[in-house]
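All values reported here derive from a predicted model rather than from experimental measurement.
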Amino acid sequence: MKRYEALAADIEASIRNGVLQPGDRLPSVRSLCHSRGISASTVFQAYYLLEARGVVSARERSGYFVASGVRRMPPEPEQASQPPDASVAVDVSARVFDILAASDARSVVPLGSAFPSPLLFPLQRLGQAMARAVKTLDPWSTVDDLTPGNAALRRQIALRYLAQGMAVPTDDIVVTNGALEALNLCLSAVTRPGDAVLVESPAFYAALQALERLGLQAIEVPTHPREGMDLAALEAAIVRHRPRACWLMSSFQNPLGSLMPEAKKRDLVALITRHRLPLLEDDVYGELFLGAQRPLPAKAFDSEGLVMHCASFSKCLAPGWRIGWTVAGRFSQSVARQKLTTTLGANAPAQAALAEYLERGGFDKHLRRLRQFLAAAQAPFAEAVGHYFPPGTRATRPEGGYFLWVELPPGCDALAIHAQAIARGISVAPGPIFSASHGYRHCLRLNYGHGWDARIEGAIAVLGELAHASQARAASAIPQGVQ
């Protein structure tokens with residue numbers, strides 16, 4: 001950002017967060033010049049920018065004031081979750097399939113989707129890379145690279161790790177059919193049916209489905225909506241339940257959007273190393289950071305090979321191509337064997353095309369544009385939730401990814417809201433699909449990765465109307481005098 005843009009962003013954040021209220025006078029030009037060490041022209045540029053956005057207005061001879069009618073962000077959730085301290089059999093797939101099946105029509109407003117808009121990706125350039133790669137594809141590579149994956153692609157992935165300060169040999173990388181296969185292979189490599197696995201609460205529903213499919217028990221661990229899994233609760237669960245693995249997202253967790261601070265990631269790795277517990281790190285949103293730099297994964301602090309890092313290109317570059325990978329540390333050979341005995345290899349032309357695209361450059365330029373799009377969409381989306389939803393609603397403010405986790409006031413029923421919203425052409429992801437214990441009945445996950453426009457705002461207004469009605473029905477059902 002330029003200096004005036006950074007100043008404008010800071011002031012706008014203070015307005016959206018309620019520090020500066022409608023009608024408040026903005027700091028004087030002189031005071032900002034002194035406190036920020038910037039010129040008067042920089043301050044004026046920032047104020048002109050805010051005025052153009054409709055956030056502030058100028059009054060002759062009086063200065064700049066916060067405009068009336070500016071929407072505020074809803075307050076954030078403040079407490080870590082409190083799931084039951086128990087090892088439970090997972091039974092979520094039927095509900096997940098029913099909800100996803102009701103949301104797959106293109107006409108539906110995709111607030112419940114797990115993907116950003118497919119129009120955000122360089123599909124033409126990828127198609128050109130595919131055409132070039134297929135023409136020059138070595139026939140023997142389909143055999144030579146069968147299980148570990150395309151050598152050129154693995155080299156490009158290793159270079160991405162190196163840019164973060166992580167030296168990962170290409171031989172340690174196994175290319176998979178998306179990150180979900182990578183995670184399932186890792187899970188199969190370290191567990192057997194009946195074993196228990198630690199998961200976040202709430203957790204990505206596909207993680208719960210993987211446990212269900214493999215006959216594993218889930219232990220839900222308290223998770224904070226901003227900083228991720230509670231490490232004290234994690235260690236207590238390890239000691240009590242003796243699990244065989246832990247599965248989590250340390251960066252921009254789905255559905256919360258939480259980002260574990262770097263020091264906490266270091267402590268997490270130290271904790272699982274003490275207990276010799278394999279950690280499956282799902283890092284599919286790591287490239288979608290909205291801050292200054294990509295957060296390091298927990299894998300960066302792993303010296304014992306216990307962290308099995310999994311990622312993909314599906315959310316950041318090539319949706320539908322289903323190319324992911326894992327760096328599984330001491331379990332690499334076992335994971336490779338699991339891959340060999342299940343799907344043998346990943347799509348050879350798609351791997352070659354991605355390698356060709358990455359070699360030519362342009363990936364980071366695309367990522368910058370994608371992050372800018374997501375950052376621009378998040379604020380008005382969250383403000384609309386604060387404006388249309390009932391008082392008492394809370395919503396996360398993720399530093400990456402494209403999900404908001406919305407906690408509705410007591411009495412609101414997310415499953416009922418989902419059913420009513422689908423009938424009106426709007427999809428949402430209700431909280432219970434993110435819990436092995438079927439909790440979070442008052443929560444929704446909303447996707448802001450399709451941008452901001454009148455159609456999206458209209459859908460949020462409808463959801464707000466449904467939430468108000470759900471709350472009113474719950475209140476009317478309480479016998480008089482009980483309140």
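- Using a 4.5 Å heavy-atom threshold, the side chains of His418 and Val428 count as touching.
- For Tyr285 and Tyr402, the ring centers are positioned less than 6.0 Å apart.
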### Task
In sequence, state the C-alpha distance, the side-chain angles, and the governing distance for Asp85 and His241, and then conclude on side-chain hydrogen bond (donor to acceptor under 3.5 Å, both in side chains).
CA-CA 9 Å; Asp85 182 17; His241 297 286; 2.9 Å; yes
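- Here the closest heavy-atom approach between residue Leu277 and residue Leu198 is recorded as CD2-CD1, 4.0 Å.
- Using cut-offs of 30° and 60° on the angle between ring planes, the pair Trp325 and Tyr161 is perpendicular.
- Within the structure, the ring pair (Phe, Tyr, Trp, His ring centres under 6.0 Å) test picks out the following pairs touching residues 195-240 (sequence neighbours left out): Tyr205-Phe434.
- With respect to the salt-bridge test (charged N to carboxylate O, under 4.0 angstrom), the residues Glu181 and Arg322 do not qualify.
- For the residue pair Thr223 and Gly228, the shortest heavy atom distance occurs at CG2-C, 3.4 Å.
- Salt bridge status for Asp364 with Arg294: absent, with no side-chain N to carboxylate O gap under 4.0 Å.
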### Query
Checking side chain to side chain contact (heavy atoms under 4.5 Å, CB included) for the pair Asp267/Leu271: CA distance, chi angles, key distance, verdict?
CA-CA 6 Å; Asp267 292 342; Leu271 190 161; over 6 Å; no
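- Electrostatic pairing of Lys299 and Asp302 counts as a salt bridge here, judged by a charged N lying under 4.0 Å from a carboxylate O.
- Each of Lys315, Arg368, Arg371 was checked for a salt bridge (Lys or Arg N to Asp or Glu O under 4.0 Å) with Glu287, and the lone residue meeting it is Arg371.
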